[in-house]
Every structure is written in structure tokens, then in C-alpha cells.
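Here's the structure, in C-alpha cells; my notes come after.
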Amino acid sequence: GNSSHVNVNEWIRYSVVDPTITPRFVPETAECQGMLVGVDYVFVYSLFGEASRAQKKIVGAKIEKREGTMRFDQGDGLGETNMARKRFVFSVRVSFVEATDGEAVL
């Protein structure tokens with residue numbers, strides 16, 4: 001059957017890959033380096049039950065933060081004397097990976 005969201009015993013553990021993110025601004029290039037630009041959610045599942053009617057069940061999860069560089073390239077390039085706005089992309093990716101024999105679950 002389905003898990004119950006109120007039964008803590010049915011919850012799975014997950015790991016967080018949390019790089020040390022140290023943002024810094026480089027005025028010469030108008031770049032912000034070391035910025036958080038995305039998050040990846042990885043769910044590991046395994047098959048349970050009869051081989052002919054196996055059910056997929058999530059057995060582990062991992063959250064990975066991604067860092068990158070953002071550049072403000074409008075106006076004078078420095079962004080300090082220019083009040084222009086720019087939107088930056090923050091992405092979220094989700095993937096489901098089947099656990100294989102002998103593979104450690106996250």
C-alpha cells in the first residue's frame with residue numbers, strides 16, 4: 001500500500017550535497033562567481049514484490065546544490081551606476097534512478 005505522510009517510520013532518509021558556496025563579485029568582468037544557480041533532486045528506487053508485478057518504491061534521495069557564475073552585462077557592465085534589472089536563471093532538476101544490485105543507497 002501507500003505510505004502515510006504522518007507515519008515517521010515510513011519516511012526515507014536523504015543526503016544533502018552542500019558545497020561551500022562563497023559568492024564574490026569581480027568588478028572587472030561584472031561577474032558574481034560562486035553563486036547558487038540550481039538544485040538537483042535525485043530519487044533512487046528499487047523494485048519490490050513479485051517479479052511479474054513488481055512495484056517501484058523510493059529507497060533513497062539526494063539533494064545537490066549547483067554553483068555557477070552570473071554576469072550582469074547591461075549598461076556600463078558594472079551594474080553600480082546603472083539601475084537596469086536583469087533576471088537570472090535558477091534551475092531545478094529531478095531525476096529517478098533505479099538502484100542496482102550491490103549499489104549503496106544514498
Side-chain angles (χ1 to χ4, degrees):
N2 292 329
S3 297
S4 170
H5 68 282
V6 295
N7 186 351
V8 177
N9 296 323
E10 294 180 352
W11 294 6
I12 62 164
R13 297 205 182 277
Y14 64 92
S15 62
V16 178
V17 178
D18 199 0
T20 303
I21 296 177
T22 308
R24 64 188 178 286
F25 180 67
V26 181
E28 299 81 22
T29 58
E31 291 179 336
C32 292
Q33 298 174 347
M35 300 294 293
L36 180 63
V37 297
V39 177
D40 296 334
Y41 294 93
V42 180
F43 295 96
V44 178
Y45 68 89
S46 189
L47 299 175
F48 288 86
E50 285 182 44
S52 63
R53 302 177 74 198
Q55 300 291 309
K56 295 176 182 176
K57 179 178 179 181
I58 294 176
V59 294
K62 178 171 61 172
I63 301 169
E64 295 180 350
K65 296 178 182 176
R66 284 182 283 117
E67 72 171 276
T69 299
M70 296 181 174
R71 174 176 233 185
F72 189 85
D73 55 5
Q74 296 180 2
D76 60 11
L78 298 178
E80 292 192 74
T81 59
N82 187 333
M83 297 303 289
R85 294 182 180 187
K86 180 172 181 176
R87 294 178 187 215
F88 293 98
V89 175
F90 182 86
S91 64
V92 176
R93 297 186 293 201
V94 178
S95 60
F96 293 86
V97 179
E98 184 174 3
T100 59
D101 289 339
E103 179 182 7
V105 176
L106 308 172

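Everything numeric in this text was worked out from a predicted model, so none of it was measured.
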Practice problem: Determine whether more than 12 heavy atoms belonging to other residues, nucleotides or ligands lie under 6.0 Å from atom CZ of Phe90. | Solution: yes
Quiz item: Could you state the interatomic distance from CD (Gln33) to OG1 (Thr69), rounded to the nearest 0.5 Å?
Solution: 5.0 Å
Self-check item: Straight-line distance of Lys57 NZ to Ser46 OG, nearest 0.5 Å
Solution: 9.5 Å
If you compare all heavy atoms of [X] against all heavy atoms of [Y], which two are closest, and at what distance to 0.1 Å?
{"X": "Leu47", "Y": "Ala54", "answer": "CB-CB, 3.9 Å"}
{"X": "Arg71", "Y": "Phe88", "answer": "O-CE2, 3.4 Å"}
{"X": "Asp40", "Y": "Arg66", "answer": "OD1-NE, 3.0 Å"}
{"X": "Val44", "Y": "Ala99", "answer": "CG1-CB, 3.6 Å"}
{"X": "Phe96", "Y": "Ile58", "answer": "CE2-CD1, 4.3 Å"}
{"X": "Ala61", "Y": "Phe43", "answer": "CB-CD2, 3.8 Å"}

Can you tell if the side chain of [X] reaches within under 4.5 Å of the side chain of [Y], non-hydrogen atoms only?
{"X": "Val37", "Y": "Met70", "result": "yes"}
{"X": "Val42", "Y": "Val97", "result": "yes"}
{"X": "Val59", "Y": "Tyr45", "result": "no"}

Quiz item: How far apart are the C-alpha atoms of Lys65 and Glu67, what are their side-chain angles, what is the distance that settles it, and do they pass the salt bridge (charged side-chain N to carboxylate O under 4.0 Å, His left out) test?
Solution: CA-CA 7 Å; Lys65 296 178 182 176; Glu67 72 171 276; over 6 Å; no
Practice problem: Check the pair Ile21, Met35 against side chain to side chain contact (heavy atoms under 4.5 Å, CB included), reporting the backbone distance first and the verdict last. | Solution: CA-CA 7 Å; Ile21 296 177; Met35 300 294 293; 6.0 Å; no
